[in-house]
There are 2 protein chains.
Amino acid sequence: MKTIEELLESKNIRVTAMRLLIYKFLVEKDVAVTLSDIENAFEKSDRTTLYRTIKTFEEKGIVHQIDDGTGITKYALCEKGCNCEIENDLHLHFHCNNCNETVCLTAHKIPQIKVPDGFVAENVNLVVKGICDKCSGH
Amino acid sequence: MKTIEELLESKNIRVTAMRLLIYKFLVEKDVAVTLSDIENAFEKSDRTTLYRTIKTFEEKGIVHQIDDGTGITKYALCEKGCNCEIENDLHLHFHCNNCNETVCLTAHKIPQIKVPDGFVAENVNLVVKGICDKCSGH
DNA sequence: TCATTAATGCACTTCCATTGCATTTGTTTT
DNA sequence: AAAACAAATGCAATGGAAGTGCATTAATGA
Ligand SMILES: [Mn+2]
Ligand SMILES: [Mn+2]
Ligand SMILES: [Zn+2]
Ligand SMILES: [Zn+2]
């Protein structure tokens, strides 16, 4: 089991206090987070640093960006085995209309989508909206 | 074959010069348009009017909104038989990474998506990105 | 025509993403 | 260890798009 430090180093990301904190924050949350979520979690730090940190994480394949249709970009840790860096990871995202949280449904791969002749599909974004398990009282 | 005037009236939308122009503009374009696209097409008119016109069209089920992941909201005319008003119309959208245009693939309905137990799906947004027929040289 | 209601135009606000630049901190090289 | 270099951080500012308040203008209908 790698430490966070080792993980960051293995991805050629310099280890800094802020980066460790942000990474831990992402691990603790099991839902996708906005920049503001992170900002609110660390009164102290500057939005720009958080922004650039998350962008670094994204470039290095540690987090992926999620557009869930709320108009605010969200981010979530990539699962192990996720290959965002190379190609798009084709799991679906679920946005709860009740609690407003978005989660990765990594176990649910997106089915093959047919497109008309002449069109070339390169990647797919699939967001399902509805009521999440927590809110539906399962 | 209904005139545009009749169509608008049948949806309880007052006929105005601007609304007719915007409607015609949407018909001529076979792709989804942004507010800025409309704005640029009519030097004369005010952004707010266009904004509110398109919102009116949306409420009345004449156009539907598309979130193609570019961060800019796009709009396209509903096909006949589209029932956006009542429930979500489940066709997919294609965004071309080359020409940056987005089209409705109304003939391609979104397949049934499975979600885990406890989750209740209410609607689905599916955007395929790639190269469109015009750009691929079919 | 007059009264009522809706549409339009202008100014302004808010929110989020993004960048420039100076400063600080960390890493190499000598 | 000191100097040189490179990267990370913080602050200020910008830009783009969505949305709102309000006064004005246009359309409807009694
Ligand atoms: Mn995800
Ligand atoms: Mn469509
Ligand atoms: Zn929920
Ligand atoms: Zn194209």
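Quantities reported herein were computed from a predicted structural model and do not represent experimental measurements. Order of the sequence lines fixes the chain letters, A, B, ..., with proteins taken first and strands second; residue numbering starts at 1 for each chain. The analysis underlying the following values was restricted to heavy atoms, covering all of them including side chains, and did not include hydrogens, waters or symmetry mates.
Taking atom CG of residue L50(B) and atom C1' of nucleotide dA17(D), one finds them 14 Å apart after rounding to whole Å. Separating the CZ atom of F57(B) from the P atom of dA7(C) is a distance of 11 Å, rounded to the nearest angstrom. Residue N12(B) contributes atom CG, which lies 13 Å from atom P of dT28(D) at whole-angstrom precision. The OH-P distance, from Y51(B) to dC10(C), rounds to 19 Å in whole Å. In this entry the distance linking CG of L8(A) with C1' of dA7(D) reads 15 Å, nearest Å. Rounded to a whole Å, the CG atom of D46(A) is 14 Å from the C1' atom of dT24(C). Distance, D37(A) CG to dC16(C) P: 10 Å, rounded to whole Å. At whole-Å resolution of the value, NZ in K74(A) and C1' in dC15(C) are 15 Å apart.
Using a 4.0 Å cut-off between a side-chain N of Lys or Arg and a carboxylate O of Asp or Glu, E39(A) and R47(A) qualify as a salt bridge. A salt bridge links K134(B) and E101(B); the closest N-O separation between the charged side-chain nitrogens and carboxylate oxygens is under 4.0 Å.
Across residues 17-35 of chain A, M18(A), R19(A) each have a non-hydrogen atom less than 4.0 Å from an atom of DNA chain D (numbered order).
Between I72(B) and T49(A), the residue anchored closer to the 5' end of DNA chain D is T49(A), taking for each the nucleotide with the nearest heavy atom. Summary of the strand contacts: R47(A) and R52(A) both lie near DNA chain C, and taking for each the nucleotide with the nearest heavy atom, the more 5' one is attributed to R47(A).
Contact annotation for T16(B): backbone-only contact, meaning every heavy-atom pair under 4.0 Å involves sugar-phosphate atoms and none involves a base. Across all strands shown, T56(B) has no heavy atoms under 4.0 Å from either base or sugar-phosphate atoms. Using a 4.0 Å heavy-atom criterion, one finds that K55(B) contacts the sugar-phosphate atoms exclusively.
Enclosure of atom NZ in K114(B) is not indicated, since only 12 or fewer non-hydrogen atoms of other residues, nucleotides or ligands lie within 6.0 angstrom.
Put simply, the side chain of E6(B) gets close to the backbone of T3(B): a donor and an acceptor are under 3.5 Å apart.
OP1 or OP2 of dG10(D) lies within a sub-4.0 Å distance of a side-chain N or O belonging to S45(A).
Counting atom types as modelled, T73(A) pairs no side-chain N or O with a base atom of dC16(C) as donor and acceptor under 3.5 Å.
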